[in-house]
Amino acid sequence: MWTPSSDTRFEILFPNPRVARRLTTIGTTDWWYYLRGEYGGGSWTIRREFTPDVERVDYNDLRVALGMEFQRTGGLEGFVEVGLAFDREIIYVESPEDNFRPSNTFFLGAGIRY
């Protein structure tokens, strides 16, 4: 983490790097915009139709997003972002012949917490 000024933050952390810049402060609420990356994915156990076998499936992708967030004195925070997921792959561990690469996709995210 590097904060060269109170208005700029560099969070150069794997797998979620992020650069944020304060846009403005209105009352007790700071508004920031940011650019972030992510190495995403996960692993699941599935059961396919017409077979009793259980197998593991891995999903991997790279993501880049542009977003806006607010931080209010007292703890209320929120964000909204739009991004692109690319270099996506689905890997069937026990059936590699079924592996495939989905096309790139856009995503929208939002959240609020206290």
Side-chain angles (χ1 to χ4, degrees):
M1 302 266 299
W2 178 42
T3 308
S5 73
S6 61
D7 292 331
T8 306
R9 290 190 312 239
F10 290 88
E11 301 168 9
I12 307 168
L13 305 167
F14 182 81
N16 303 314
R18 187 172 106 129
V19 176
R21 179 99 175 129
R22 186 187 336 251
L23 184 64
T24 189
T25 299
I26 300 172
T28 60
T29 304
D30 291 333
W31 289 89
W32 295 75
Y33 61 95
Y34 62 86
L35 176 66
R36 72 173 187 87
E38 181 178 354
Y39 175 71
S43 184
W44 295 268
T45 302
I46 64 164
R47 179 169 295 141
R48 296 193 195 206
E49 193 173 17
F50 307 118
T51 174
D53 298 334
V54 172
E55 71 178 297
R56 195 178 90 218
V57 176
D58 294 335
Y59 171 77
N60 300 303
D61 69 10
L62 296 173
R63 302 172 195 163
V64 63
L66 182 62
M68 185 83 140
E69 70 181 2
F70 70 88
Q71 299 170 345
R72 188 171 181 187
T73 303
L76 185 63
E77 299 178 8
F79 76 96
V80 63
E81 66 182 16
V82 62
L84 175 69
F86 59 97
D87 199 21
R88 301 172 358 136
E89 62 182 349
I90 296 183
I91 301 168
Y92 290 88
V93 176
E94 288 83 16
S95 307
E97 66 276 4
D98 293 335
N99 294 354
F100 68 98
R101 292 184 158 277
S103 59
N104 298 344
T105 189
F106 289 97
F107 63 88
L108 178 66
I112 194 163
R113 72 178 175 187
Y114 184 76

Co-membership, hydrophobic cluster, residues [X] and [Y], 4.5 Å side-chain:
X	Y	value
F106	M68	no
L35	I12	no
V80	Y33	yes

Applying salt bridge (Lys or Arg N to Asp or Glu O under 4.0 Å) as the test, list every pair that has at least one member in residues 24-34; sequence neighbours left out. R22-D30
Enumerate the salt bridge (Lys or Arg N to Asp or Glu O under 4.0 Å) contacts for residues 105-114, please, sequence neighbours excluded, ordered by first and then second residue. E77-R113
Supply the atom-to-atom distance E11 CD to T3 OG1, rounded to the nearest 0.5 angstrom. 8.0 Å
Distance check, rounded to the nearest 0.5 Å: E94 atom CD versus D53 atom CG? 9.0 Å
I'd like to check the side-chain hydrogen bond (donor to acceptor under 3.5 Å, both in side chains) partners of [X]; sequence neighbours left out, ordered by chain and number.
X	answer
N104	none
N99	none
S95	E55

Any idea which heavy atoms bring [X] and [Y] closest together, and the distance?
X	Y	result
R63	A85	CG-CB, 4.0 Å
S5	R21	OG-NH1, 4.1 Å
V64	F86	CG1-CE2, 4.2 Å
A65	F107	CB-CZ, 4.0 Å
P102	R88	CB-NH2, 2.9 Å
W32	T8	CZ3-N, 4.2 Å

Sequence-distant partners of W2, ring pair (Phe, Tyr, Trp, His ring centres under 6.0 Å), two or more places apart: F10
Taking only residues two or more places apart in sequence, or in another chain, which ones meet Y34 in a ring pair (Phe, Tyr, Trp, His ring centres under 6.0 Å)? none
What's in the same ILVMFWY side-chain cluster as [X], cut-off under 4.5 Å, chained through other members?
X	value
I90	W44, I46, V57, Y59, Y92, F100
L13	M1
V54	none

Pairwise ring pair (Phe, Tyr, Trp, His ring centres under 6.0 Å) hits with a residue in residues 63-84, at least two apart: W31-F70
Look at E69 together with R9 and state whether they make a salt bridge at an N to O cut-off of under 4.0 Å. yes
With sequence neighbours left out, the residues meeting salt bridge (Lys or Arg N to Asp or Glu O under 4.0 Å) with R101 are D87, E89
Okay, side chain of E38, backbone of P15: is any donor-acceptor separation there less than 3.5 Å? no
